Structures are given as C-alpha cells and as structure tokens.
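All values derive from a computational prediction rather than experimental measurement. Just so we're on the same page: letters track the sequence lines, and every chain starts at 1.
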Number of protein chains: 2
Amino acid sequence: MSIETDIKQKKFRSAYQRLALNLIYTSNWLEYKQLEFFKEYDITSQQYNVLRILRGQQLNPIKVSDITERMLDKNSNTSRLVDKLLAKNLAKRSSCPNDRRAVDVLITEEGLKLLEELDPHVDEWENRFNVISIEEADQINAMLDKLREADH
Amino acid sequence: MSIETDIKQKKFRSAYQRLALNLIYTSNWLEYKQLEFFKEYDITSQQYNVLRILRGQQLNPIKVSDITERMLDKNSNTSRLVDKLLAKNLAKRSSCPNDRRAVDVLITEEGLKLLEELDPHVDEWENRFNVISIEEADQINAMLDKLREADH
DNA sequence: ATACATTTAATGTTATAACATCTATTCATA
DNA sequence: TATGAATAGATGTTATAACATTAAATGTAT
C-alpha cells in the first residue's frame with residue numbers, strides 16, 4: 001500500500017517530504033513487526049540487538065561503551081539494557097581488569113542458545129525483503145547513506 | 001558515512017539485513033534531527049504532525065480517531081497528544097454534534113501562526129534531502145511501499 | 001424495546017526513552 | 001605527585017510509549 005493511502009494524505013509538497021514521511025513510517029512499521037516477532041521470545045529488539053553484538057565479539061568481552069557505539073540507537077541506555085539481559089541470564093558482567101571504570105559484558109551459554117533458536121526464524125523473517133531485488137536493496141542502502149551524509 | 005562505519009559492523013549476512021538496519025538507523029537519525037529542530041519551538045515532531053493534519057483539514061474539525069488514522073505512528077496515544085496541544089492553546093476541542101462519543105478537534109489561530117512561523121524553516125530543513133535527486137527519492141519511495149506491501 | 005456487541009475517547013499502569021546528575025577511576029599537566 | 005579535566009557507568013527524574021481497562025454512546029438483532 002502506498003504511503004499516500006496509509007496515512008491518507010493525497011499530496012505532498014515534494015518527493016523529499018514524501019520520502020521523509022515514508023522513511024519514518026516504514027521504520028515504525030518495521031519496528032512494530034520486530035516487536036511482535038520478538039515478543040514471543042520475551043525480549044525486545046533492542047535486547048536482541050545487544051545479544052547479536054555480544055555474539056559478534058566471538059566470545060571476547062566488550063565494554064558497555066563499545067556496545068553503545070555499535071547500536072542503532074546511540075542514545076539508548078545501554079547500562080539498563082544490559083541489566084535486563086543480566087536478569088534473564090542472557091549476559092554476564094565482570095569488571096574490566098585494565099580499566100576499573102569500565103565493565104566487561106559477555107554473552108552466556110543461555111544467551112547463545114536463545115540466539116541459535118532465533119536464527120532460523122530471523123532468517124525467515126528477513127525473507128519478506130525478497131520482494132525487492134538485491135540490486136534494489138543496495139541502491140536504497142547507498143541513498144540512505146548519502147542522505148545522512150548531508151548532516152552538517 | 002556508511003552504515004558499516006556508523007554501527008562498526010564490517011559485514012552483514014545479506015543486503016536485506018543491511019537494509020533493515022539501515023532503515024531503522026536512518027529513521028532514528030531523522031527523528032533525532034527533528035527532535036532537535038522542533039525543540040526550539042517547544043513542540044515534539046508528533047505534535048507538529050498533528051498540527052499539520054489539523055491544518056490540512058482546511059479548518060474543518062476532525063475526530064480524534066481520524067487524526068490517528070492519518071498519523072505515522074498508528075499506536076500513538078492521540079488523546080493525550082491533543083491534550084498537549086490544548087494546554088499550549090494550539091488546538092481546541094468540542095464535542096461532535098452528530099456523534100456524542102466523538103470529539104472534534106480544531107487548530108487555533110495560535111496553532112496556525114506557529115505553523116506559519118515554522119513553514120520556511122521546515123522547507124529549509126528539508127533541503128538536506130536535495131543531496132539525492134527527485135528521481136532517486138521517487139525510487140526509494142516506491143521500493144519502501146513495495147517492502148511494506150509484503151506484509152502478510 | 002431490550003440485550004449485547006461495537007465504537008470512541010479517556011484514563012490507569014507499567015516499561016522504556018530522554019535527559020541530567022553523580023561516583024569512581026583514569027588521564028593530562030603543571 | 002597534586003590538581004583539575006575527562007571518561008565510564010550507574011542512577012534519579014520526568015516525559016512518553018505500550019498496553020489494558022473503563023465509561024459513555026451508538027449500532028444491531030431479536
């Protein structure tokens with residue numbers, strides 16, 4: 001369904017205005033879909049994101065501030081996000097030996113198991129993107145990067 | 001800056017996964033920019049969105065449920081959003097004559113003035129999108145619509 | 001006309017986001 | 001090495017999002 005129909009707006013001032021609204025609308029849609037999806041596994045997409053980052057570290061511990069750097073939402077309160085994972089035994093914390101201000105975070109066996117359980121479903125979930133070709137996806141990616149580039 | 005650099009991820013499983021992350025990341029970036037922008041005028045982008053919808057009504061009153069339909073975030077609590085506008089004298093409420101359950105919302109003179117003050121700045125703000133061509137913007141728009149189409 | 005379902009908006013509650021502040025540690029430099 | 005700035009993370013506060021419930025009005029079917 002076109003963004004025009006979705007938000008019942010017949011015309012836009014420009015293709016750029018439509019794009020801005022469409023980006024936010026589509027991202028909201030995507031986040032809502034993810035919310036629904038992850039709800040079954042009792043985690044949020046943010047928590048999943050952190051788990052993926054932790055697994056990506058190849059089991060090396062990673063500092064809280066490094067997690068933040070890798071997150072989609074840089075303003076997110078990583079400290080409290082890690083708390084949630086800790087409470088669910090999906091991650092563990094230990095103080096960092098070379099910098100006593102920092103805190104090392106590591107994924108647990110249970111966290112790894114959850115990700116492994118999720119992997120096939122996430123793959124399947126991403127199949128919805130197949131309606132556009134890889135070339136098209138690459139194209140959008142490049143243009144989105146370009147958009148943010150103009151940030152000065 | 002590429003999404004790879006922004007979230008410090010060297011490789012993605014697929015162009016689709018990169019697209020999903022890029023969409024959410026770019027939308028977060030956009031929403032943050034809007035937040036910063038509207039902060040000067042002491043409104044949120046959601047409140048601005050509602051004001052635009054109200055003005056779009058050509059001064060005809062519109063029901064709360066109709067506002068919700070036109071919003072980017074369909075889950076938003078429109079009732080309380082309208083409360084905020086009311087408190088700032090940017091909108092007014094009156095009960096709907098033909099359906100006493102419904103509530104008519106109308107933009108005030110003050111609301112219209114605020115929008116008029118904002119208009120040129122919003123236009124200027126949207127200029128950042130000029131880094132891509134209108135054709136490119138249309139292309140992304142079409143592909144985003146197509147993405148959501150696959151929602152079943 | 002009555003009973004029951006549906007619609008509309010408001011409100012209550014809980015979780016999270018946004019933002020500021022605080023404490024401990026480390027860094028820089030005089 | 002003593003001092004102030006900078007950094008890391010935790011925590012407090014306020015606003016908003018997410019979700020459920022409620023109350024009033026309307027629609028529907030018998």
Side-chain angles (χ1 to χ4, degrees), chain A residues 24-25 27-40 42-50 61-88 91-106, chain B residues 24-25 27-40 42-50 53-54 61-88 91-106:
Chain A
I24 291 173
Y25 185 76
S27 167
N28 284 346
W29 165 82
L30 197 57
E31 286 183 343
Y32 181 73
K33 288 285 148 192
Q34 290 187 338
L35 185 79
E36 269 188 322
F37 174 81
F38 287 119
K39 196 180 279 175
E40 285 185 58
D42 197 32
I43 56 170
T44 65
S45 62
Q46 294 250 58
Q47 289 167 15
Y48 174 75
N49 194 214
V50 173
I62 176 176
K63 289 197 297 169
V64 172
S65 55
D66 294 333
I67 297 177
T68 307
E69 274 197 329
R70 284 170 175 74
M71 287 190 56
L72 296 176
D73 183 355
K74 309 291 190 203
N75 300 314
S76 133
N77 203 327
T78 314
S79 201
R80 281 192 256 235
L81 256 177
V82 171
D83 281 349
K84 297 279 157 54
L85 295 177
L86 224 83
K88 292 174 192 163
K92 54 190 167 197
R93 249 195 303 233
S94 62
S95 64
C96 178
N98 29 331
D99 186 344
R100 286 193 299 156
R101 287 169 304 183
V103 168
D104 276 338
V105 183
L106 202 60
Chain B
I24 290 172
Y25 184 76
S27 167
N28 284 345
W29 165 84
L30 198 57
E31 286 184 341
Y32 181 73
K33 289 285 149 191
Q34 291 188 336
L35 184 79
E36 269 188 323
F37 175 81
F38 288 119
K39 197 181 279 175
E40 286 186 57
D42 197 33
I43 55 169
T44 64
S45 63
Q46 294 250 58
Q47 289 167 17
Y48 174 76
N49 193 215
V50 173
I53 290 167
L54 293 179
I62 178 176
K63 289 196 299 168
V64 172
S65 56
D66 293 334
I67 298 176
T68 308
E69 274 197 330
R70 284 169 175 73
M71 288 192 54
L72 296 175
D73 184 355
K74 309 290 190 203
N75 300 313
S76 133
N77 201 328
T78 313
S79 200
R80 280 191 258 235
L81 256 177
V82 171
D83 281 348
K84 297 280 156 54
L85 295 177
L86 225 81
K88 292 174 192 164
K92 54 190 168 200
R93 248 196 302 234
S94 63
S95 64
C96 179
N98 30 331
D99 185 343
R100 287 194 299 157
R101 287 168 304 182
V103 168
D104 275 340
V105 183
L106 202 59

What's the [atom1]-[atom2] distance between [X] and [N], to the nearest Å?
| X | N | atom1 | atom2 | result |
| --- | --- | --- | --- | --- |
| A:Asn98 | D:dA8 | CG | P | 13 Å |
| B:Ile67 | C:dA9 | CD1 | C1' | 11 Å |
| B:Leu35 | D:dT16 | CG | P | 10 Å |
| A:Asp73 | C:dC19 | CG | P | 11 Å |
| B:Met71 | D:dA18 | CE | P | 11 Å |
| B:Leu81 | C:dT8 | CG | P | 19 Å |
| A:Glu31 | C:dA17 | CD | C1' | 12 Å |
| B:Tyr32 | C:dC19 | OH | P | 6 Å |

Of A:Arg101 and A:Thr78, the one whose closest DNA chain D nucleotide lies more 5':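 Whichever sits nearer the 5' end wins; that is A:Arg101.
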
Given DNA chain D, 5'-ward residue of the pair A:Lys39 and A:Lys63, judged by closest heavy atom: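 Looking at the nearest nucleotide for each, A:Lys63 comes out on the 5' side.
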
A:Lys33 bridged to A:Glu36 by N-O distance under 4.0 Å: yes

Looking only at the side chain of [X] (C-beta and beyond, no hydrogens), which of the listed nucleotides [options] gets closest?
| X | options | value |
| --- | --- | --- |
| B:Ala102 | D:dG12, D:dA18, C:dA9 | C:dA9 |
| A:Arg80 | D:dT13, D:dG9, D:dA18 | D:dT13 |
| A:Gln47 | D:dT11, C:dT16, C:dA10 | C:dT16 |
| B:Asp99 | D:dT11, D:dA25, C:dA10 | D:dA25 |

Touch class at under 4.0 angstrom, heavy-atom based, for B:Thr44 against every strand present: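 Here B:Thr44 touches the backbone only, sparing every base.
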
Touch class at under 4.0 angstrom, heavy-atom based, for B:Asp83 against every strand present: nothing

Shortest non-hydrogen separation from A:Ile43 to A:Tyr48 and the atoms involved: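 Of all heavy-atom pairs spanning A:Ile43 and A:Tyr48, the closest is CD1-CB, 3.8 Å.
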
Below 4.0 Å: OP1/OP2 of C:dA9 and any side-chain N or O of B:Ser65: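 Yes, such a contact exists.
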
Closest-nucleotide ordering on DNA chain C, the 5'-leading residue of A:Lys84 and A:Pro97: A:Lys84

5′-ward residue of the pair A:Arg100/A:Gln46 relative to DNA chain C: A:Gln46

Nearest-0.5 Å distance, CD1 of residue A:Ile67 to OG of residue A:Ser79: 9.5 Å

side-chain hydrogen bond (donor to acceptor under 3.5 Å, both in side chains) between A:Gln47 and A:Lys88, worked out: CA-CA 11 Å; A:Gln47 289 167 15; A:Lys88 292 174 192 163; 2.7 Å; yes

Positive for side-chain contact (heavy atoms from CB on, under 4.5 Å) with B:Arg93, one of B:Leu85, B:Asp104, B:Val105: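 Going through B:Leu85, B:Asp104, B:Val105 one by one, the side-chain contact (heavy atoms from CB on, under 4.5 Å) with B:Arg93 is satisfied by B:Val105 alone.
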
